[in-house]
Amino acid sequence: MSFFDIVSDIYERQSFKEFYSRKISGKLSPILAAYCYRKSIHPNTLTLLMIPTGIIGGLLFSCGGNINWALGGLALIILNILDAADGEVARYSNKTSLTGDYYDRVAHYITDVSAYFGAGVGLYLWLDNKIILYVSFVLVLTHISDIALRDLRVLVGVDLDKNNKSEKLTVKDKKKATTMPIKGYGRLVGEVLFTNVAFFHLIPILSIFQLLTSMSEPYLLTGYFIIFTLVNVIKVIVRIKIISRLDKWI
């Protein structure tokens with residue numbers, strides 16, 4: 001089977017639901033996945049590579065400046081390609097495992113916080129405004145709270161039905177029960193603007209736009225960062241309300 005046949009086969013098996021994974025990362029990840037499959041590179045290797053890639057992106061954000069932010073955003077897009085490719089390699093080579101899910105979650109915990117905290121530090125140094133540091137603190141806190149509420153709900157098995165108790169189900173499979181109750185255009189807007197993957201893709205776009213329009217101050221980046229933080233606060237509040245209904249003690 002040729003390299004391009006493998007790429008085509010992996011591409012046809014894709015089932016991404018997230019907007020940027022479908023439109024960008026999913027177009028490129030089969031190439032990386034096919035290469036790793038032919039070279040017998042374990043999917044967990046790609047997963048663990050996400051960690052230094054995300055940290056580099058966060059460090060570039062923390063340096064400030066449109067060029068650094070564009071490069072940091074590029075690093076996070078590469079991270080998303082790695083995130084897509086590791087699962088594709090695992091499924092194509094029959095190497096899916098709970099360990100792989102574990103590494104994936106750990107990688108996301110580290111890289112998401114790195115990106116958000118790095119962005120906050122970068123905007124603070126760029127603008128010399130302490131308010132941005134407070135905003136970044138709120139963003140990191142609410143993000144950690146949100147993923148803890150979601151993932152611990154799955155791992156503890158707070159609301160799993162009897163069809164969801166199989167040990168063979170991955171964390172990602174079980175996590176489907178915890179998705180936010182937003183559908184239609186609202187869900188599409190959320191995916192395009194306010195997920196962590198959206199953050200990774202929109203930051204380089206806004207940075208390049210500011211660079212091309214000679215904007216020396218990061219007004220677009222700051223505005224998006226603040227709005228993104230507010231949406232995350234709302235998301236945590238909604239998540240808490242949903243979980244509070246799972247038990248009659250409240």
Side-chain angles (χ1 to χ4, degrees), residues 18 20 50-64 69 72-73 75-76 79-80 83 102-156 158-159 171-172 175 177-182 186-187 189-203 206 218-247 250:
E18 196 278 325
Y20 290 99
M50 291 167 57
I51 296 175
T53 304
I55 292 173
I56 290 171
L59 288 173
L60 285 167
F61 285 164
S62 69
C63 294
W69 273 60
L76 296 180
L79 181 155
N80 202 47
D83 188 27
Y102 173 75
Y103 289 148
D104 184 76
R105 294 316 309 161
V106 170
H108 280 292
Y109 295 156
I110 295 172
T111 56
D112 290 355
V113 171
S114 175
Y116 298 152
F117 183 69
V121 171
L123 287 174
Y124 163 68
L125 295 175
W126 205 344
L127 295 169
D128 192 24
N129 190 328
K130 289 184 178 179
I131 293 177
I132 298 298
L133 283 181
Y134 300 136
V135 172
S136 65
F137 173 79
V138 171
L139 175 56
V140 171
L141 179 62
T142 53
H143 178 72
I144 292 175
S145 300
D146 184 59
I147 59 178
L149 288 166
R150 181 195 66 196
D151 290 356
L152 290 175
R153 175 181 168 186
V154 170
L155 293 174
V156 173
V158 173
D159 59 343
V171 173
K172 287 183 179 180
K175 197 175 70 178
T178 68
T179 53
M180 300 295 283
I182 303 173
R187 188 169 191 82
V189 170
E191 287 185 358
V192 174
L193 296 176
F194 300 120
T195 63
N196 63 321
V197 180
F199 186 91
F200 294 171
H201 287 76
L202 289 177
I203 288 299
L206 293 175
Y219 297 123
L220 290 176
L221 292 169
T222 304
Y224 176 66
F225 188 74
I226 292 172
I227 294 171
F228 186 85
T229 300
L230 291 174
V231 171
N232 271 266
V233 171
I234 294 171
K235 186 172 19 172
V236 169
I237 293 172
V238 172
R239 179 110 43 203
I240 291 172
K241 289 189 68 175
I242 292 172
I243 292 175
S244 70
R245 299 187 186 124
L246 298 176
D247 202 324
I250 298 180

Check the pair Lys235 / Thr142 against side chain to side chain contact (heavy atoms under 4.5 Å, CB included), numbers first and verdict last. CA-CA 9 Å; Lys235 186 172 19 172; Thr142 53; over 6 Å; no
Throw together a table of side-chain donor-acceptor distances under 3.5 angstrom for residues 120-129, partners on residues two or more places apart or in other chains.
{"from": "Trp126", "atom 1": "NE1", "to": "Ser216", "atom 2": "O", "distance (Å)": "3.3"}
{"from": "Asn129", "atom 1": "OD1", "to": "Ile131", "atom 2": "N", "distance (Å)": "2.9"}

Starting from the C-alpha separation in whole Å, work towards a yes-or-no answer on side chain to side chain contact (heavy atoms under 4.5 Å, CB included) for Val233 and Val138. CA-CA 8 Å; Val233 171; Val138 171; 3.7 Å; yes
CD1-CZ distance between Ile234 and Arg239, expressed to the nearest 0.5 angstrom: 14.0 Å
CZ of Arg150 to CD1 of Ile242: how many Å apart, nearest 0.5 Å? 12.5 Å
Who passes ring-ring contact (aromatic ring centres under 6.0 Å, His included) against Tyr116, sequence neighbours left out? His143, Phe199, Phe228
Interatomic spacing from NE2 in His108 to CD1 in Ile147 - rounded to 0.5 Å: 10.0 Å
Check: Leu59 main-chain N/O paired with Ser62 side-chain donor or acceptor under 3.5 Å: yes
To the closest 0.5 Å, what do you measure between CE (Met50) and CG (Leu79)? 4.5 Å
How long is the span from the CG atom in Leu139 to the CD1 atom in Ile226, to the nearest 0.5 Å? 11.0 Å
Taking side chain to side chain donor-acceptor pair (under 3.5 Å) as the definition, give me every residue that meets it alongside Asn232, ordered by chain and number, with sequence neighbours left out. none
Residues 218-225, side-chain donor-acceptor partners within the protein, below 3.5 Å, at least two apart:
{"from": "Thr222", "atom 1": "OG1", "to": "Pro218", "atom 2": "O", "distance (Å)": "2.7"}
{"from": "Tyr224", "atom 1": "OH", "to": "Leu193", "atom 2": "O", "distance (Å)": "2.5"}

All side-chain contact (heavy atoms from CB on, under 4.5 Å) counterparts of Ile56, not counting sequence neighbours: Leu60
Applying side-chain contact (heavy atoms from CB on, under 4.5 Å) to Phe137 and not counting sequence neighbours gives Leu141
For Val113, what residues pass the side-chain contact (heavy atoms from CB on, under 4.5 Å) criterion, not counting sequence neighbours? Val140, Ile144
Would you sort out whether Leu149 and Ile240 count as a side chain to side chain contact (heavy atoms under 4.5 Å, CB included), showing the intermediate values? CA-CA 8 Å; Leu149 288 166; Ile240 291 172; 3.7 Å; yes
Gap separating the CG atom of Asp83 from the CG atom of Leu76, nearest 0.5 angstrom: 11.5 Å
Kindly write out the residues that satisfy side-chain contact (heavy atoms from CB on, under 4.5 Å) with Glu191, not counting sequence neighbours, or none if the list is empty. Phe19, Arg22, Arg187
Between the side chain of Tyr20 and the main-chain N/O of Val192, is any donor-acceptor distance below 3.5 Å? yes
